[in-house]
Amino acid sequence: MKMSDLFFQTLREVPADAEVASHQLLVRAGFIKQLGAGIYSVLPLSKRSLNKIENIMRDEINAIGGQELSMPVVNPAEVWKETNRYYEIGSEMGRFKDRKDADMVLAMTHEEVVADLVRKMIHSYKQLPKLVYHIQTKFRDDPRPRAGLIRVREFTMKDSYSLDLDEEGLDKQYKAHYQAYFNIFNRCDLPSAAVLSDVGMMGGSMAHEYMYLTPIGEDTLLICNDCGYMANRQIALFQQPEITEEPLGELEKVATPGAATIADLAEFLKIPESKTAKAVFMMGTFTEGTEDHEKLVFAVVRGDLELNETKLVNAVKAKELRPAQDDEIAAVGASPGYASPIGLKDVLVVVDELVAKSPNLVSGANEEGFHYLNVNYGRDFEASIVADITAAEKDFACINCGNALDEKRGVEIGNIFKLGTKYTEALGANFLDKNGKAQPVIMGSYGIGSGRLLACIAEEHHDEHGLIWPITIAPYQVHIVALKGGEEKAAEVYQQLEEAGLEVLLDDRSESPGVKFNDADLIGVPIRLTIGKRSLEKGEIELKLRRDADRSAVPVDEIISNVLAIKDTLLAEVHKKVVEVPFKAE
RNA sequence: CGGGGCGUAGCGCAGCCCGGCAGCGCACCGCGUUUGGGACGCGGGGGUCGGAGGUUCAAAUCCUCUCGCCCCGACCA
């Protein structure tokens, strides 16, 4: 491609609304343009890179038996109503009515459509297992898109769906994806780690998230540098601290004027925060049939620790939680700031395991300005549920080895779910087993967003001058900078390299050398050739790798073979990173 | 949904307090010079100042409403 023909534009200045490096550089280098919040056009340079990412995904999913198909973005709402997700999912789902006033949905994922295909097409155990996938547009009306392509509302995703007749088959396809995903990320030269994750609204029995560790990530991970335990903070487990046994004291009501927060209370009573119990009120949304209703959830955690909302959602099996308003708290007879489960009736009380075990805590008296001393679970109050609902934090003891946990940020670049029969049962997608008995097909679903992956690769591979693409992802493999006196030779080399099967970008614009070099650095093609009078006079062409500072001079008649060899070396370097990863499910 | 910030030429911004010709740099077009790390000279094009309403002789500027974008939080397959 000649740059004089390329549909692109580089920017000298950083766009005012871009904060993270990948966003700034993808915009400056002319890869993407924003249309609206979380909605981007993909320009020719990034389309080429995305095609490469998607071809790597095709390659790896085909290798584990995947068959590519394509399912519609616009879905009739019926199938979503059949699985109930039409009602369960909130405003994140794009909805509209067609001309006949029928409810329509913009697909955010394709379990429903796959299950519909299965019920129409799969009738016998002889047709299983199968693996289908597509690479296609998704729309999720995210409340807060951010960081360029990292989090958007419309995006392209590779999603595959495994179909099996038993758990064993699901396990096999799940593990095949587990490895295939590492292969994909490694071929993109992006370091990644798989962590166990919350199954969330997808349902099912097991899920892993693939994380790219980066400070700009929005997920928090807890990591044990000793044994390798790594988990999303949403579900991270930890060893509970030892409880010192002590004789149970007598329940005693004390005046604690103005001590409405744990910090004030601990200060007022001169006790550590760990000797208090904290009441956290959430309004939970529970779905019954197609109806939602809200109910107060009263969570009790130790005063010095934080509530983990995901653990709480899972413990009470709610659709979602939000903080309760003061009037909602008062409605059940509790007093905000001085609340405790003591004496409350008909309230869903969830007590953290640690609180249940800890003797003689201080807790509210449900009366403004008063607390109880020596509160003990079982004697003074009961719980509807006792569960681990505390958020793990840095320096907590690792669940496996007790080592202090480290905290890091990450971007979720892929996920795999063992779905089970949630969708196939809802849609009646059954097959007849060997005994002629109808069984629901067992599903798994597996996703990678290609745009987010591109952004993460950009985040990982850049410097202050611009992008530094891995050879497998770069929009072009070779960038020729044609300078004065080298135009003819540059055109000739360009043609020869293309004939040799290389992907070449030729800067034939009548710009000054500085502009051309800076644009080359910005765009980040891995191999750069500079062809100008200065080196041609010595019978040489200058060769530079984008990632290296030094340049080398190559005799003109060796340039084609030299560039081919370097391309092969760069490819081999990336492919060497594709290795077997042991499956970890804990 | 809560908190904060910003909307003026393609991009980056000044002007707004204190109302009075809509500006600067880059980019773009023409001519000439220049050509190994974001060249120079001369000439030029491009704006309903996000939108609506109000106050005023007069509004980019003051007031009200509204839309959009960014950041933090909530939320999130």
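Each chain gets a letter, A, B and so on, in the order the sequences are listed, and its residues count up from 1. What you see below is based on every heavy atom in this structure, not just the backbone, and it leaves out hydrogens, waters and symmetry mates.
- In this structure, A:Phe583 has its ring center closer than 6.0 angstrom to the ring center of A:His208.
- In this model, a side-chain donor or acceptor of A:Arg528 finds a partner on the base of B:G37 within 3.5 Å.
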Polar-atom pairs under 3.5 Å, protein N or O versus N or O of nucleotides 44-47 of chain B: list them with distances, or write none.
none

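- For the pair A:Asp171 and A:Lys175, the salt-bridge criterion is met [side-chain N within less than 4.0 Å of a carboxylate O].
- Checked for salt-bridge contact, A:Lys489 and A:Glu492 meet the test: a charged N lies under 4.0 Å from a carboxylate O.
- Taking atom P on both B:U64 and B:C17, the two are 15 Å apart, rounded to the nearest angstrom.
- Judged by closest nucleotide on RNA chain B, A:Gly36 is the one of A:Lys138 and A:Gly36 placed further toward the 5' end.
- Of the P atoms belonging to B:G15 and B:G30, the separation is 34 Å, rounded to the nearest Å.
- Nearest nucleotide to the A:Gln34 side chain, out of B:G37, B:C75, B:C70: B:C70.
- Between A:Tyr178 and A:Phe182, the ring centre distance stays below 6.0 Å.
- Across B:C70 and B:C21, the matching P atoms stand 34 Å from one another, rounded to whole Å.
- Note on A:Arg146: a side-chain N or O is less than 4.0 Å away from OP1 or OP2 of B:C72.
- Nearest nucleotide to the A:Arg551 side chain, out of B:G37, B:C69, B:C71: B:G37.
- Comparing B:C16 with B:A59, their C1' atoms sit 10 Å apart, to the nearest whole Å.
- Listed nucleotides B:C71, B:G38, B:C13 differ in distance to A:Ala16; the shortest reach to its side chain belongs to B:C13.
- With ring centers used as reference points, A:Tyr210 lies under 6.0 Å from A:Phe185.
- For A:Thr10, taking side-chain heavy atoms from C-beta onward, the closest of the listed nucleotides B:C70, B:G37, B:G38 is B:G38.
- Proximity note for A:Ala37 (side chain, C-beta onward) versus B:A39, B:C69, B:A74: the nearest is B:C69.
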Under the side chain to side chain donor-acceptor pair (under 3.5 Å) rule, what do A:Asp159 and A:His134 come out as? Steps first, then yes or no, please.
CA-CA 6 Å; A:Asp159 39 330; A:His134 67 170; 3.1 Å; yes

Counting primed atoms plus P, OP1 and OP2 as sugar-phosphate and everything else as base, spell out the protein contacts along nucleotides 24-30 of chain B at 4.0 Å heavy-atom distance: B, S or - for each nucleotide, 5' to 3'.
-BSS---

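- A side-chain contact (heavy atoms from CB on, under 4.5 Å) with A:His177 holds for exactly one of A:Ile416, A:Ile184, A:Asn415; it is A:Ile416.
- Nearest to the side chain of A:Asp519, among B:G37, B:G38, B:G73, sits B:G38.
- Of the P atoms belonging to B:G37 and B:A74, the separation is 50 Å, rounded to the nearest Å.
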